[in-house]
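Structure record follows, encoded as structure tokens.
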Amino acid sequence: MSFVEGLNDRQKEAVLHTEGPLLILAGAGSGKTRVLTHRIAYMIEEKEVFPNNILAITFTNKAANEMKERVGSLVGDKIEDIWIGTFHSICVRILRMNINKIGYDRSFTIYDTADQKTLIKECIKEQNVDKEMFKEKTILGIISSLKDKMKGPDTYIKANEGNYYNETVGKIYDLYEKKLRKNNALDFDDLILKTIQLLRTNPDVLEFYQRKFRYIFVDEYQDTNKAQYELIKLFSERYKNLCVVGDDDQSIYGWRGADIRNILDFEKDFPDAKIIKLEQNYRSTKNILTVANSIIKNNNERKNKKLWTDNIDGSPVILNKAFDERDEANFVAETIRELVDSGKHKPSECAILYRTNAQSRSFEEVFMRRNISYKIVGGLKFYDRKEIKDIIAYLRLIQNPVDDISFRRVINVPKRGIGAATIEKIENYASQTGESLYSAILDVEDIPGLSKRATNNLTKFTDMINEFIAMKEVMDLKDFIEEVVNDTGYINELEKEDTIEATTRIENLKEFISVAIDFEMINEEGTLEDFLADISLLSDVDNMEEADESVTMLTVHSAKGLEFPVVFLVGMEEGLFPMGRALDSESELEEERRLCYVAVTRAEEVLYITYANLRTIYGNTTYSLPSRFLKEMPRAIIQDGDEERLNTQGFKTSNLSFGEIGKKDKLRGMNKNKQNVSIGSKVRHKKWGEGTVVQVKEKSGDMEIVVAFKEQGIKKLLLSVAPIEII
DNA sequence: ACGGGCGTCTTTTTT
DNA sequence: AGACGCCCGT
């Protein structure tokens, strides 16, 4: 069997180049996964590389599973010995075996964002500082970005001497780290950082993994941050057989610490690196690709690369201007209806891509009303639900009793008469003795000031948890979790509630148990520890079911790596896409542009782009201009779906060229003698009917008027662009 | 221990 | 607009 059959020349070259550093610049839809999987298979089957000498790192579990499946179909059982996983899961695997060497217990807990928040709140409180000035979200953001850059609290404090705010943040950071340590817990960033620390301080461990990972792959290299970069460097130092795959044009996580320089500077960091560009696209039509190319070429910070395809021209990209977000949603719904009724596409082949999650609402409303089934990716995650977090907290406490965050979460859930006053007494005592909360209540008599009742309740609690700790050793996972759900009285309390909400929660818990069953099937030797680590590294896209008959709605970010025959890119307006605050920085604007590029390249056959004239964001209705990115698209292959429809709705439309769309709105109405508006004037609005002006004020060279409409209530309008006339 | 009222915030989120 | 967190009253 040949592993280069059916590949193009560039792809073949990438498969055959197995020794030394290699950068594969893989454009969207250029068959990168195919190259990666074939390259691994080729190495194993033809070059006699041992599977256990291969490490493949991806960013998502989904990508990891896909790779496992595809490589597995080429090499069979040997797949078992290859380390394929996300950065985080690979690190967990290494840490589970070795973290005791840097002073943690191997049963460590992984804290998610919510746990981090709880912890940081505690730190701020303990520092006794003005919490108006030190917002948890801001501080968490600073800490996370420092961690991404591998800067510890000490360096930060030193670098900010004399700066009260920063110094204080540094102290909070320091406290945060100490608390994590004390709870035997690691946050997501720590998984990488502690692995680096482990390798740096233990030469034998480092050598072991360097020898083991003789061949290394990293997918989505453009999204790596400093810490991940350092980790890869450590791993690959010995053999330098490092193959990274990425696309600088698809770097959209800069705001999370992804450093685009990692990919732009690969040749500098790894001399003698070979670079292969994959520019042939197998996914999209020529028309779609032309639009994508003409957008991305406006960026400066990029490698020179241009996608091309042998695919057909396809249908023109269709642009639609809507009146407001409801109108926009109706257009999308109608179009999907037509596509489905005419038998051209299934609902599951259609996706709606937006910039912010909040935009999904208008689509949901319209789709629900029209009975079109849909699913939303993102939003409230399964594992973020209260009942799931509660049960997980129980499991974590059982597994790692020094985890105070989990302790606090469950100590009085369900209610067992242990209130805030009692908890405070425990805390005071524990902070004196320096032990964990759970350890403190094991000797409950030693804690001063507790009531008889509280003491009793606490004893019952420790008896229960201790029993669980003993049980987990002898029971299988699913039975054990069921036991916890029942014996804690959690289900009981929900059943008593007898509300629809409580029933949903019970359903969710059942779902959680079936997650455990699935886990047990895949991991026969899996322990509670493994299970907890596994689920804390899961995301929403991972659980996306395929092949059902509904339209997918998701943010552009979540859509990365996916493809759909029909894509609706919606909300293409200045201030929304690109986002308002990205406008003052060139690099942020470029990231928005890459985001737009990612969106466009998700489409295989048909691409619709829509924008609305009027949009309500945060309860504020404003007029918006079409996105600048629209003006970067070539007029020639874009069909303005606008005209016909607007005419039927009675709106004026003009024949201005595409690049002038922005001006169209400004021009309209300017000659209508609107200057004489004052408080009390009666106006008629195209959509909202008659109203009375109640306020007039100047706003950035324009007049903003506030109008009380008879039916629709109070609206703010910009005089120059609002479709109103004075009556 | 719980609920109501009020102020605040609101981009994206692979782990 | 809507969600969330916090404070205070019961």
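Chain naming here is simple, since letters A, B, ... match the order of the sequence lines and numbering starts at 1 in each. The shown structure was predicted, so the numbers you read here are calculated from the model rather than taken from an experiment.
Heavy-atom neighbours of A:R416 CZ from other residues, nucleotides or ligands within 6.0 Å: above the threshold of 12.
The residue A:R361 sits close only to the backbone: its heavy atoms come under 4.0 Å of sugar-phosphate atoms, none of a base. Using a 4.0 Å heavy-atom cutoff across all strands shown, A:Y253 reaches at least one base atom of the nucleic acid.
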Strictly under 3.5 Å: I want the nitrogen or oxygen pairs between protein and nucleotides 1-5 of chain B, one per line.
| from | atom 1 | to | atom 2 | distance (Å) |
| --- | --- | --- | --- | --- |
| B:dA1 | OP1 | A:N412 | ND2 | 3.0 |
| B:dC2 | OP1 | A:K415 | NZ | 3.0 |
| B:dC2 | OP2 | A:K415 | NZ | 2.7 |

Show the distances under 3.5 angstrom between N or O atoms of the protein and N or O atoms of nucleotides 7-10 of chain C.
| from | atom 1 | to | atom 2 | distance (Å) |
| --- | --- | --- | --- | --- |
| C:dC7 | OP1 | A:K131 | NZ | 2.9 |

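Ranked by how close their nearest DNA chain B nucleotide is to the 5' end, A:R355 and A:T113 are led by A:R355.
Proximity of A:N357 to the phosphate of B:dT13: a side-chain N or O atom is located under 4.0 Å from OP1 or OP2. Close to B:dT12, at under 4.0 Å from its OP1 or OP2, lies no side-chain N or O of A:S558. A close approach under 4.0 Å does occur between a side-chain nitrogen or oxygen of A:K135 and OP1 or OP2 of B:dC9. For the pair A:T555 and B:dT11, the criterion of a side-chain N or O lying under 4.0 Å from OP1 or OP2 is not met.
Between A:F512 and A:F531, the distance separating the two ring centers is shorter than 6.0 angstrom. Between A:F108 and A:Y104, the gap from one ring centroid to the other reaches at least 6.0 Å. Remark: aromatic rings of A:F59 and A:F87 are close, center separation under 6.0 Å. Checked against the 6.0 Å centroid threshold, A:F188 and A:Y111 do not count as a close aromatic pair.
In this structure, the side chains of A:S627 and A:I609 stay at 4.5 Å or more apart for every pair of heavy atoms. Counting heavy atoms from C-beta outward, A:S144 and A:D189 have side chains that approach closer than 4.5 Å.
What separates CD of A:E136 from P of B:dT10 is a distance of 12 Å, to the nearest Å. With rounding to whole Å, A:I192 atom CD1 is found 12 Å from B:dT14 atom C1'. When rounded to the nearest whole Å, the span between NZ of A:K125 and P of C:dC6 equals 10 Å. Computed from coordinates, the A:D148 CG to B:dT13 P distance equals 17 Å when rounded to whole Å.
Remark: of the listed residues A:I405, A:L186, A:T109, A:D190, A:D190 is the sole one forming a side chain to side chain contact (heavy atoms under 4.5 Å, CB included) with A:L180.
For A:K121, the side chain to side chain contact (heavy atoms under 4.5 Å, CB included) criterion is met by A:E136, not counting sequence neighbours.
Closest to the side chain of A:K137, from the set C:dC6, B:dT10, B:dT12, is B:dT10.
Stacking between A:Y618 and B:dT10 is present: the aromatic ring centre lies within less than 5.5 angstrom of the base six-membered ring centre, and the two planes differ by under 30 degrees.
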